[in-house]
Amino acid sequence: MLQLHFIRDNKDYVIERLSIKNFDAAELVEEIISLDNDRRSTQKNLDDNLAMSNQLSKEIGNLFKEGKKSEAEEVRKKSTELKSVVKDLEQTLQQIEKSLNEKLVELPNLPHESVKAGKSENDNEIVYEEGEIPMLAENALPHWELASKYDIIDFDLGSKVTGAGFPFYKGKGARLQRALINFFLDEALKQDYIEYQPPLLINEDSGFGTGQLPDKEGQMYFVGEDKLYLIPTAEVPITNIYRNVILKEDDLPIKNVAYSNCFRREAGSYGKDVRGLNRLHQFDKVEIVQISTPEKSYEILEEMKAHVSALLRKLELPFRILRLCGGDVSFASALTYDFEVYSAAQKRWLEVSSVSNFENFQSNRMKLRYKSKEGKSILAHTLNGSALALPRIVAAMLENNQSSEGIAIPELLRNYTGFEKIDAL
RNA sequence: GGAGAGAUGGCAGAGCGGUUUAAUGCGGCGGUCUUGAAAACCGUUGUCCUUCACGGGACCGGGGGUUCGAAUCCCUCUCUCUCCGCCA
């Protein structure tokens with residue numbers, strides 16, 4: 001959520017920047033400013049009446065104490081009249097604030113200066129590439145076939161027990177998952193992240209705080225009985241730790257890491273996009289989250305980018321980094337880098353990480369502030385990134401490392417898996 | 001799931017209809033004293049809205065109600081604690 005006073009002071013700038021996200025804000029901004037004007041004048045009016053009412057109540061108290069009953073009655077009558085005025089104003093104010101909030105929440109975050117205009121993911125800018133595209137044999141298999149050939153992931157079993165997009169990992173497949181999770185967590189710990197294990201269900205306030213609600217309600221699984229949502233990413237619980245919190249400047253930056261299952265309904269997905277591990281309803285992810293001062297947040301974004309790059313390097317996967325264009329960067333993000341690995345049998349790039357700076361967009365929603373050394377309350381900046389999402393890493397690893405001998409486990413992961421290759425048992 | 005108790009400022013804790021602009025203690029910050037520190041003493045100590053400013057208003061877990069006036073009374077939700085039941 002953008003700050004009201006910022007919108008007021010930078011009306012044209014807001015509209016211009018949002019056009020980069022293909023969002024026409026002109027009308028909305030006008031409505032917001034006009035509603036805010038109404039809010040201010042109504043508030044002023046209400047406050048004046050309340051001040052008067054407070055004054056009268058005090059008088060009544062004093063008069064009663066002095067035994068001047070009839071005079072007190074007189075004032076009480078006046079006060080009663082005032083009461084209906086106050087009640088009306090309160091209702092009006094509530095209405096105005098409600099519609100103001102509804103409008104305010106519709107405005108996306110402003111894209112960072114470096115974000116270029118663009119319609120879709122096709123306009124994302126490749127800013128970095130590393131690693132060699134493997135040349136596979138003619139008879140190379142896509143990962144879903146490798147998965148069943150070596151009996152390490154069972155998609156059909158998942159469909160039977162739950163539904164499509166909920167695979168079983170089995171044997172070395174399951175052990176590989178566990179190895180990757182531990183590897184990712186340990187790498188983050190080396191960078192001074194604090195490890196958390198968050199709840200997998202969150203309430204409505206948390207969903208609002210990070211921006212999943214009200215917009216993307218349909219993307220989350222909802223447990224109606226208890227009004228809880230299954231998390232689409234650990235970002236939600238981990239960032240919401242700080243909802244309505246005032247930190248100290250010395251606490252920053254806060255670096256948290258969490259492994260969690262992630263649940264996404266992915267309504268409307270179809271075709272080759274959802275084949276095998278490419279898109280699941282439940283998957284595993286290690287997420288890094290940082291809370292920072294505004295001055296440092298872009299430096300930290302680079303640091304997080306470097307962290308994710310190092311992980312992919314250690315896993316020996318060819319990858320590239322994209323700076324998302326205005327049309328593809330998410331509602332809440334100011335700047336996002338996507339990481340894609342090359343999955344050589346599918347011959348396509350798969351997104352395995354998304355690293356974003358939300359600036360104070362989430363902070364403003366969840367009132368996450370810190371007290372500066374001068375004693376001022378300032379909205380913090382929030383950042384997060386996948387480090388990393390497992391399924392597509394596994395997909396690329398299986399495909400890229402296949403040979404007649406089986407599937408080779410990257411050197412640095414062998415300590416974690418306890419085996420060097422996946423072969424026919 | 002059943003029965004009971006509770007939620008007050010960074011923390012502890014009083015207040016149970018009108019000098020509460022929320023007592024008091026601890027902690028934090030500033031000062032006096034001291035070569036320095038401690039102790040002692042004095043002062044200060046939240047968030048938000050509004051205003052150029054003076055000022056005004058809101059906030060005692062959330063929401064609603066009673067009243068001229070609510071931290072205080074009523075309703076409701078959430079959470080915490082104790083006991084019982086169930087349970088990895």
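No experiment lies behind these values; they were computed from the predicted model shown. Naming convention: chains lettered A, B, ... in sequence-line order (proteins, then strands); numbering from 1 in each chain.
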Main-chain N/O of [Y] paired with [X] side-chain donor or acceptor, under 3.5 Å:
{"X": "A:Asn10", "Y": "A:Tyr13", "result": "no"}
{"X": "A:Asn109", "Y": "A:Ala332", "result": "yes"}
{"X": "A:Lys367", "Y": "A:Asn364", "result": "yes"}

Euclidean distance for [atom1], [N] against [M] (whole angstrom):
{"N": "B:U76", "M": "B:C83", "atom1": "C1'", "answer": "25 Å"}
{"N": "B:A38", "M": "B:C29", "atom1": "P", "answer": "11 Å"}
{"N": "B:C42", "M": "B:C26", "atom1": "P", "answer": "11 Å"}
{"N": "B:G85", "M": "B:G2", "atom1": "P", "answer": "15 Å"}
{"N": "B:C86", "M": "B:G6", "atom1": "P", "answer": "28 Å"}
{"N": "B:U51", "M": "B:U45", "atom1": "C1'", "answer": "25 Å"}
{"N": "B:C87", "M": "B:C16", "atom1": "P", "answer": "46 Å"}
{"N": "B:U78", "M": "B:G64", "atom1": "C1'", "answer": "15 Å"}

Problem - A:Val127 side chain near A:Leu322 side chain, heavy-atom distance below 4.5 Å - result: no
Problem - Pairs touching residues 36-46 of chain A that satisfy side-chain hydrogen bond (donor to acceptor under 3.5 Å, both in side chains), sequence neighbours left out - result: A:Arg8-A:Asp36, A:Arg8-A:Asn37, A:Asp36-A:Arg39, A:Asp36-A:Arg40, A:Gln43-A:Asp47, A:Lys44-A:Asp48, A:Asn45-A:Asn49
How many whole angstroms separate atom [atom1] of [X] from atom [atom2] of [N]?
{"X": "A:Lys44", "N": "B:U51", "atom1": "NZ", "atom2": "C1'", "value": "8 Å"}
{"X": "A:Arg369", "N": "B:G46", "atom1": "CZ", "atom2": "C1'", "value": "11 Å"}
{"X": "A:Asp38", "N": "B:C49", "atom1": "CG", "atom2": "P", "value": "19 Å"}
{"X": "A:Asn244", "N": "B:G9", "atom1": "CG", "atom2": "C1'", "value": "16 Å"}
{"X": "A:Leu247", "N": "B:G10", "atom1": "CG", "atom2": "C1'", "value": "14 Å"}
{"X": "A:Arg39", "N": "B:U51", "atom1": "CZ", "atom2": "C1'", "value": "13 Å"}
{"X": "A:Leu379", "N": "B:U47", "atom1": "CG", "atom2": "C1'", "value": "13 Å"}
{"X": "A:Lys376", "N": "B:C29", "atom1": "NZ", "atom2": "C1'", "value": "20 Å"}

Pairs: protein N or O with nucleotides 18-21 of chain B N or O, under 3.5 Å:
from: B:G18; atom 1: N2; to: A:Ser57; atom 2: O; distance (Å): 3.0

Problem - Identified side chain to side chain donor-acceptor pair (under 3.5 Å) partner of A:Gln362 from the options A:Thr382, A:Thr239, A:Asn240 - result: A:Thr382
Problem - side-chain N/O A:Arg40 vs B:U51 OP1/OP2, d < 4.0 Å - result: yes
Exercise for the section: Using a cut-off of strictly less than 4.0 Å, decide whether A:Lys371 has a side-chain nitrogen or oxygen near OP1 or OP2 of B:U47. Expected result: yes
With sequence neighbours left out, what residues match [X] under salt bridge (charged side-chain N to carboxylate O under 4.0 Å, His left out)?
{"X": "A:Arg243", "answer": "none"}
{"X": "A:Lys170", "answer": "A:Asp151"}
{"X": "A:Glu359", "answer": "none"}
{"X": "A:Lys285", "answer": "A:Glu287"}

Handout entry: Residue whose closest nucleotide on RNA chain B lies nearer the 5' end, A:Asp36 versus A:Ile246
Key = A:Ile246
Problem - Residue mapping more 5' on RNA chain B - nearest nucleotide basis, A:Ser377 or A:Lys77 - result: A:Ser377
Exercise for the section: Would you check if the distance from the ring center of A:His381 to the ring center of A:Tyr298 is below 6.0 Å? Expected result: no
Problem - Centroid-centroid distance, A:Phe283 to A:Phe263, less than 6.0 Å - result: no
Check nucleotides 73-81 of chain B against the protein and report each pair of N or O atoms closer than 3.5 Å, with its distance, or say if there are none.
none

Completion exercise
The correct list of stems in which RNA chain B takes part (3 or more consecutive Watson-Crick or G-U pairs, distances under 3.5 Å) is B:1-7 with B:78-84, B:10-12 with B:24-26, B:27-32 with B:40-45, B:46-50 with B:55-59, B:61-65 with B:73-77
Exercise for the section: Anything under 30° is parallel, anything over 60° is perpendicular, the rest tilted; go ahead and classify A:Tyr221 against A:His281. Expected result: perpendicular
Fill in the blank from the handout: Quick note, salt bridge (charged side-chain N to carboxylate O under 4.0 Å, His left out) partners involving residues 110-119 of chain A, not counting sequence neighbours, are A:Arg17-A:Glu113, A:Lys116-A:Glu125
Exercise for the section: Any pair with a residue in residues 376-400 of chain A that passes salt bridge (charged side-chain N to carboxylate O under 4.0 Å, His left out), sequence neighbours left out, goes on the list, sorted by first then second residue, please. Expected result: none
Fill in the blank from the handout: Residues pairing under ring pair (Phe, Tyr, Trp, His ring centres under 6.0 Å) where one sits in residues 179-216 of chain A, two or more places apart or in two chains, turn out to be A:Phe183-A:Tyr416, A:Tyr193-A:His307
Fill in the blank from the handout: In B/S/- notation (B base, S sugar-phosphate only, - none; protein heavy atoms under 4.0 Å), nucleotides 57-67 of chain B written 5' to 3' is SS-----S-SB
Practice task
Pick base, sugar-phosphate or nothing for A:Ser53, based on heavy-atom distances below 4.0 Å to the nucleic acid.
Solution key: nothing
Practice task
Determine the contact category for A:Lys248: base if any of its heavy atoms lies under 4.0 Å from a base atom, sugar-phosphate if only primed atoms, P, OP1 or OP2 are that close, otherwise nothing.
Solution key: nothing
